[in-house]
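Residue numbers start at 1 and run along the sequence shown.
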Amino acid sequence: MDELLRLGKESRLQGNCNAGIIHFQKALQINMNSLEAKLGYAQCSKQLGSFSDAKKAFGDILKRDPKFFDAVIGLSEIDLEENAPDKVEKRLEPLLTEFPNHTGLRILEARLLGKNGKRELAIYKLKALSEKLSRPADVEKMLSELYIETQKWKEAEESLNHYVSKAPSDPSGFTLLAKLNLYRTYFSVPDLLAILPNAEEYLQNALNLNPKEESARLLLVHLKMIEAYQNRSKNTMVLEKAFRNIYELAREFPENQYYHSLEASLADDLDRSRFAEFHFRRTLQLDDLDEITRFEAEEYAIRQLKEESKFRRELGDYRKERFHAEKRSLYYKSAVFHLLRAKDLIPGNVRQELLESYDTSGNLIDYINLLIKLRDEDPNHFKLQNKLEFAIQSLKSSLEYKEGLISLEPKGVILNRVSVSPEIFVFDLESRVPFPEHYPGGRLLAKALRYELKKVFDVRLPEESEFQLIRNSLQETNFHPFTKTIPFSIESLYQLDQLRRNKTKIRYVLHGNYSFHDDVIDLEISLYDRNTSKDIGKWKTSQKGRDGLSVLCARISEKVKQLLPIEGKIYRIKDSEVLVSLGKKDGIRSDAKILFQRKGKDLMEGEITELGMEISRVRPLQRGWEKELATGDFVTVRPKVEVSP
């Protein structure tokens with residue numbers, strides 16, 4: 001019995017909890033009432049992420065001894081992990097009254113205060129306790145963690161040096177020193193790259209003391225990811241080292257969602273499709289409310305998997321279900337996001353939903369093109385044929401068709417767009433914290449915003465090919481080697497138009513930052529006007545859980561659309577009217593007053609005689625306008641004058 005307990009403790013301290021559990025289980029078979037064996041089993045289960053087993057074992061101990069501190073602390077740490085701080089407070093308060101100087105309980109109290117957003121109070125209480133008890137090692141270690149979280153780097157370094165001097169054989173001290181180095185320099189890329197050798201030396205010290213030190217191994221993954229992209233191009237050999245480490249961690253801790261998520265992302269970077277698919281699926285099984293991972297998995301599936309693959313179908317079916325659940329909600333735009341994602345994933349399975357959506361929104365071109373496709377597959381379907389003929393007749397009566405912007409081809413309808421509405425460039429969002437939970441999160445959120453702006457709200461963005469060229473040029477001025485994000489900076493704005501010659505310059509820039517924790521996406525987004533050199537709109541918004549991403553994107557995109565000016569040009573001059581590149585999609589109504597401008601100067605007004613989806617007929621309200629107006633003159637909408645009651 002004693003030998004089994006010794007082997008179990010030894011295995012746990014070495015980080016080999018799989019072996020430790022076996023030893024403790026054997027000890028319990030000999031003596032099922034051994035609190036020591038039950039504690040070891042609970043601690044190993046907790047470390048492996050088997051929280052239900054750990055909670056049961058800790059609970060059994062506390063039924064027999066409510067003041068068994070290690071069990072109190074272990075169970076409370078799980079409660080904090082599962083967002084149940086009330087349980088911890090109830091359990092902890094009477095014990096602290098009786099044992100006010102117990103360092104383990106005070107450290108637990110600090111974790112509770114940190115969970116409730118009271119880190120400064122936690123620091124204050126622990127600092128007072130540390131001075132009172134002559135700076136005990138475990139309190140100094142906890143203080144250093146809190147200092148790192150609150151970015152008090154000098155204090156963190158002092159506490160850590162004190163802790164390492166008192167506990168030189170504890171690998172976690174060296175791990176925290178590496179963490180301090182990396183976190184302190186995270187947002188300054190040159191400093192971050194310069195500190196990598198020192199950080200790696202600390203991590204190697206930790207791993208020499210304990211090769212299974214979990215935190216050190218994870219930090220080493222992060223460090224190798226930075227090294228792999230420090231020159232902006234992928235170093236596959238270095239990235240392979242990071243992948244091998246996260247591969248081992250994900251298998252040792254099968255319930256750790258972050259490890260599976262990170263392995264999926266790295267596998268995708270390394271074109272290891274089998275690993276990526278498995279771990280994206282596993283991550284969503286562990287938490288299907290993680291909207292960022294879901295979007296990342298969809299991007300991977302669209303790019304790498306065939307339409308008939310099981311995982312791609314599963315992702316597409318989920319979006320289809322969410323569309324049906326949300327389509328009658330007050331926020332219909334969120335449902336459209338789901339439908340379009342389903343279309344990208346499983347286009348053959350959402351045809352009826354797409355037809356209904358195109359018909360409802362008045363999107364006649366996509367409606368006809370889909371009807372043609374269905375008709376070609378089933379030529380004898382007379383109902384489809386009748387719908388198609390009726391839709392084509394409606395199309396032929398449209399202003400765009402009459403003016404030659406639309407042509408009917410055997411395979412479908414082709415629209416020649418003439419829009420010159422304001423154009424937006426969306427920068428990657430920047431994480432508010434070092435080493436964010438989703439390392440590609442800033443890029444994914446920006447991509448989701450671009451997707452919503454373009455496909456749902458019909459805002460003009462650079463085409464994908466030009467966007468990638470601009471992005472590549474921006475890497476030279478602003479690039480983070482961990483997240484591979486290119487966040488906004490004033491200095492990089494000149495790069496936006498380097499590839500343009502006679503084209504209109506990009507005027508608006510969308511940028512911002514984000515945080516993600518406990519399935520809550522929190523965004524702070526700004527719209528920057530390059531003409532005025534300032535932000536003209538700023539929004540803070542957050543959403544938790546299912547549909548969080550689609551709702552946030554719809555909210556932000558709607559605000560952006562409302563703020564953008566309605567701008568177009570004279571497309572063609574007729575005998576008694578002019579055609580302008582403004583229509584229903586720009587948000588104008590038939591009673592709007594059109595204002596003609598040249599070089600910022602107002603020329604005259606006009607009234608709409610026929611409003612189309614893409615263009616409109618406008619009659620200028622000034623005699624002799626034919627001599628004044630020219631093709632290419634700017635047009636906008638005259639603001640309505642508010643009349644005081």
Side-chain angles (χ1 to χ4, degrees), residues 48-49 214 217-229 234-307 309-319 341 344-346 428-429 431 433 435-448 451 480-485 514 516-519 521 545-546 548-549:
L48 289 171
E214 183 185 351
R217 292 159 70 193
L218 178 60
L219 270 180
L220 191 59
V221 172
H222 292 165
L223 189 146
K224 291 301 174 186
M225 290 168 65
I226 295 169
E227 280 187 359
Y229 287 102
K234 180 168 64 181
N235 185 325
T236 304
M237 288 181 63
V238 176
L239 200 61
E240 286 280 2
K241 294 177 183 177
F243 181 76
R244 281 198 297 273
N245 282 329
I246 198 64
Y247 173 93
E248 292 169 2
L249 284 168
R251 276 141 194 83
E252 288 177 38
F253 304 95
E255 301 301 311
N256 189 310
Q257 181 200 353
Y258 176 65
Y259 293 165
H260 291 286
S261 172
L262 189 54
E263 183 173 353
S265 298
L266 291 182
D268 190 15
D269 286 350
L270 289 166
D271 295 321
R272 297 192 173 192
S273 184
R274 183 169 62 88
F275 287 98
E277 181 177 341
F278 175 85
H279 289 283
F280 278 130
R281 180 183 274 111
R282 180 63 180 145
T283 306
L284 292 173
Q285 286 171 348
L286 290 169
D287 182 8
D288 76 334
L289 299 179
D290 186 340
E291 290 282 279
I292 295 180
T293 290
R294 182 171 296 281
F295 190 81
E296 183 184 8
E298 290 171 354
E299 289 295 301
Y300 156 77
I302 293 166
R303 191 177 63 252
Q304 298 286 3
L305 302 180
K306 294 180 179 178
E307 189 182 329
S309 74
K310 183 181 178 184
F311 186 47
R312 183 164 171 172
R313 286 202 316 273
E314 288 171 358
L315 293 169
D317 287 340
Y318 175 89
R319 288 295 184 185
R341 293 301 286 174
D344 292 339
L345 290 157
I346 48 170
D428 297 338
L429 302 191
S431 171
V433 297
F435 300 100
E437 188 170 334
H438 297 91
Y439 106 86
R443 288 177 282 134
L444 292 167
L445 289 168
K447 187 160 192 175
Y451 188 91
H480 200 287
F482 178 72
T483 57
K484 294 189 286 181
T485 52
Y514 80 99
F516 180 87
H517 188 64
D518 295 332
D519 294 328
I521 306 173
R546 208 176 308 282
L549 183 61

Open item on the list: Nearest 0.5 angstrom please: K224 NZ to L219 CG, how far?
Closed with: 13.0 Å
Open item on the list: Please check: side-chain N/O of R443 versus main-chain N/O of D428, any donor-acceptor pairing under 3.5 Å?
Closed with: no
Task: Salt-bridge contact R282-E263 (side-chain N to carboxylate O under 4.0 Å) - done: no
- [ ] Is it possible for you to check whether R341 lies under 6.0 Å from the centre of the six-membered ring of Y451, through NZ or CZ, and within 45° of that ring's axis?
- [x] yes
Task: Close side-chain approach of P440 and I292, heavy atoms under 4.5 Å - done: no
Open item on the list: Please find the pair of heavy atoms, one from A264 and one from H279, that lie closest to each other, and give the distance.
Closed with: CB-CB, 3.7 Å
Task: Nearest-0.5 Å distance that lies between atom CD1 in I246 and atom CG in L266 - done: 7.0 Å
Open item on the list: Just checking Y258: does its OH atom have more than 12 heavy atoms from other residues, nucleotides or ligands closer to it than 6.0 angstrom?
Closed with: yes
Open item on the list: Go through it in stages, so that I can follow the logic: the residues are E291 and I521, the test is side chain to side chain contact (heavy atoms under 4.5 Å, CB included), and I'd like the CA-CA distance, side-chain angles, deciding distance and then a yes or no.
Closed with: CA-CA 9 Å; E291 290 282 279; I521 306 173; 4.1 Å; yes
TODO: Test side chain to side chain contact (heavy atoms under 4.5 Å, CB included) on Y439 and S261 and set out the steps.
DONE: CA-CA 9 Å; Y439 106 86; S261 172; over 6 Å; no
Task: Which atom of D290 lies closest to which atom of H438, heavy atoms considered - done: OD2-NE2, 2.8 Å
Task: Test: K310 and E277 ion pair at under 4.0 Å - done: no
Task: Pair L315-R294, side chain to side chain contact (heavy atoms under 4.5 Å, CB included): steps then yes or no - done: CA-CA 8 Å; L315 293 169; R294 182 171 296 281; 3.9 Å; yes
TODO: Give the ring-plane orientation class for F275 versus Y247, where under 30° counts as parallel, over 60° as perpendicular and anything between as tilted.
DONE: perpendicular
Task: Minimum heavy-atom distance between T483 and P436, given as atom pair plus value - done: CG2-CG, 3.9 Å
Open item on the list: How long is the straight-line distance from CD of E227 back to CG of L220, given to the nearest 0.5 Å?
Closed with: 8.5 Å
Open item on the list: Between Y300 (side chain only) and S265 (backbone N and O only), is there a donor and an acceptor less than 3.5 Å apart?
Closed with: no
Open item on the list: Let me confirm one number: the CD-CG distance from E307 to L345, rounded to the nearest 0.5 Å.
Closed with: 9.0 Å
Open item on the list: Just verifying a value: how many Å separate Y318 OH and I346 CD1, rounded to the nearest 0.5 Å?
Closed with: 13.5 Å
Open item on the list: Can you tell me which residue among L262, L218, V221 is in a side-chain contact (heavy atoms from CB on, under 4.5 Å) with N245?
Closed with: V221
Open item on the list: Looking at every non-hydrogen atom in both residues, tell me the closest pair between A228 and V238 and how far apart they are.
Closed with: N-CG1, 3.7 Å
Open item on the list: Salt bridge or not between D268 and R303? Use side-chain N to carboxylate O under 4.0 Å.
Closed with: yes
TODO: Check A267 against A276 and note the closest heavy-atom contact, atom names and distance.
DONE: CB-N, 3.6 Å
Open item on the list: When you compare the side chain of N235 with that of Y229, does any pair of heavy atoms fall below 4.5 Å?
Closed with: no
Open item on the list: Test side chain to side chain contact (heavy atoms under 4.5 Å, CB included) on L445 and F295; report intermediate values, then the result.
Closed with: CA-CA 9 Å; L445 289 168; F295 190 81; over 6 Å; no
Task: SB check E214 R217 (cutoff 4.0 Å) - done: no
Open item on the list: Using side-chain heavy atoms (C-beta onward) and a distance below 4.5 Å, is E298 in contact with D344?
Closed with: no
- [ ] Please round to the nearest 0.5 Å and tell me the distance separating atom NZ of K484 and atom CE of M225.
- [x] 8.0 Å
Open item on the list: Donor-acceptor pair, distance only, cut-off 3.5 Å: does the side chain of K234 make one with the backbone of D269?
Closed with: yes
- [ ] Answer yes or no: is there an ion pair linking R546 with D288, defined by an N-O contact shorter than 4.0 Å?
- [x] yes
Open item on the list: Taking R281 first and then E314, would you say they form a salt bridge - that is, a charged N and a carboxylate O separated by under 4.0 Å?
Closed with: yes
Task: Plane angle bin for F482 and H480 - parallel if under 30°, tilted between 30 and 60°, otherwise perpendicular - done: perpendicular
Open item on the list: Minimum heavy-atom separation for A250 and Y259, please, with both atom names.
Closed with: CA-CB, 3.9 Å
